[in-house]
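In what follows, every chain begins at residue 1, and chains take the letters A, B, ... in the order their sequences are listed. Just so we're clear, the structure is a prediction, and the values are computed from it rather than from any experiment. Computed over heavy atoms, backbone and side chain alike; hydrogens, waters and symmetry mates excluded.
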Number of protein chains: 2
Amino acid sequence: MGTSDQIRESCFYQEWMNLQEEELTELNRAISLNANGGASDAELTRLIEKIMDHFQDYVQRRNLMARADVSPYFAPTWCTSLERSVLWIGGCRPSSFVRLIYALCGAEIESHLSEFLRGVRIGHLGELSGRQIYMVDELQSKTIREERKLCTRLAGLQENVLDHPLASIAVTTMGRSCQVSDNLEDALDKHGRAMAEILGEADQLRLNTLREVIGILTPRQAVEFLAAGKKLRLCMQDWGKKRDLDHGRNSGN
Amino acid sequence: MGTSDQIRESCFYQEWMNLQEEELTELNRAISLNANGGASDAELTRLIEKIMDHFQDYVQRRNLMARADVSPYFAPTWCTSLERSVLWIGGCRPSSFVRLIYALCGAEIESHLSEFLRGVRIGHLGELSGRQIYMVDELQSKTIREERKLCTRLAGLQENVLDHPLASIAVTTMGRSCQVSDNLEDALDKHGRAMAEILGEADQLRLNTLREVIGILTPRQAVEFLAAGKKLRLCMQDWGKKRDLDHGRNSGN
């Protein structure tokens with residue numbers, strides 16, 4: 001494989017985080033414009049579609065890279081400790097997209113109190129209709145069911161790694177030496193392919209869940225939701241870097 | 001916290017892996033002696049107890065360290081990518097101890113064929129009684145139930161991290177800046193303490209499960225089981241280092 005894998009993975013991630021910064025700037029600009037009546041629903045929808053295309057492209061490229069070697073994606077060294085501690089199969093929990101809507105509704109409702117006092121309204125996520133709330137609830141149940149299925153499959157895979165031929169290779173070779181045979185390499189490669197497949201399915205579930213969330217929201221709500229999600233993602237990285245620094249650790253690149 | 005956390009964590013782990021090497025040597029010596037009639041059951045039992053005491057001590061010390069900052073334990077940078085990819089709440093799955101017995105029984109049964117041809121018998125793990133197999137099966141079901149409970153609690157915690165006040169802090173501050181307030185630090189500390197608690201319970205489940213496995217096995221079976229487990233653990237590290245090297249990655253320290 002050569003010495004370029006680690007650099008490529010880390011750069012790929014850094015590019016993705018930079019893109020998140022750019023998208024957040026675009027989203028914030030659109031939100032401001034929209035508040036002043038300067039951005040139509042069609043324009044907002046184009047921005048949302050562009051962002052979703054980026055996400056799909058990221059998932060596809062990551063999938064190709066993970067097929068070559070999946071193991072770093074389950075606990076990436078390029079993230080901070082804080083980010084790694086909330087990781088679920090190489091990324092955020094798909095249900096966290098839905099959870100964020102609930103959190104934002106709460107935040108919106110709270111902040112409306114002070115906004116009303118100032119006579120200004122900025123958010124639209126506190127204005128979910130009964131029908132939207134019903135659809136969000138349905139999506140949350142479905143997503144959690146899908147997460148559990150993937151979790152169970154991952155558990156099976158992690159347990160299988162102990163089975164033949166790994167256990168017998170480790171045990172039947174004498175003394176301390178850990179023989180590396182074709183048999184072992186095949187077993188580890190096969191395990192890696194199965195793990196890459198699960199990662200791919202988790203990424204697909206993240207993508208599909210986000211698509212469904214966007215489908216439930218109006219364009220104005222969706223840009224606010226995407227901006228909040230990206231802001232939170234970038235903040236987690238910032239907070240993680242600060243905490244790693246406080247604890248004398250090297251953060252992700 | 002100062003700059004010593006990362007070094008302390010990495011050294012603590014390295015010491016633990018060195019101890020695994022030493023214990024494996026002692027176990028292999030005991031197995032050889034026992035095969036020649038030179039080690040009594042009482043001597044084997046003393047060795048097993050010493051090893052279990054080491055494990056308990058490790059769990060206690062790790063728990064104290066994780067209370068200061070838990071996040072690195074969920075995806076330790078001091079492990080190889082391969083080791084991280086099979087990690088479950090900061091360590092091996094507790095059920096993997098039981099799974100290893102099943103794998104070893106199979107391996108023993110297979111290797112007996114060739115041993116019979118040579119007229120030699122070395123293993124005792126292929127000779128589990130019906131009563132022992134029943135107890136192992138019972139333990140496996142119980143352990144998987146306990147694992148699922150911890151998994152569900154971890155999922156809840158990972159989801160909660162998105163709730164107040166994190167989401168509202170990320171969203172209500174304007175622009176890109178990720179404000180670090182006392183409120184945020186409190187929320188992250190509280191989340192960390194809850195994660196440390198789950199890690200402690202997972203460690204305790206690993207310890208209890210291993211104790212129960214040892215309790216089911218005879219001393220001769222137990223030393224073979226422990227030797228196989230430690231050998232497999234050390235081999236995973238060796239194989240992981242080799243694979244990280246092949247992919248041009250820096251392995252754990």
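Contact count against chain B (heavy-atom pairs under 4.5 Å) is highest for A:Glu185 among A:Glu185, A:Met236, A:Arg148. The candidate from A:Met195, A:Glu83, A:Lys230, A:Arg93 with the greatest count of non-hydrogen atom pairs under 4.5 Å with chain B is A:Arg93.
In terms of heavy atoms, B:Ser85 sits closest to A:His191 at OG-CE1, 4.4 Å. In terms of heavy-atom proximity, B:Pro72 sits nearest to A:Ser81 at N-CB, 4.0 Å.
For the pair A:Lys242 and B:Leu188, the minimum side-chain heavy-atom distance is 4.5 Å or more.
Contacts of A:Leu87 with chain B are made by backbone atoms alone, with heavy-atom separations under 4.5 Å and no side-chain atom involved. For chain B, the nearby part of A:Glu147 is the side chain; its heavy atoms alone come within less than 4.5 Å. A:Ala155 touches chain B through backbone and side chain together, each having a heavy atom under 4.5 Å away.
Remark: B:Asp69 CG to A:Asp244 CG distance equals 7.5 Å, nearest 0.5 Å.
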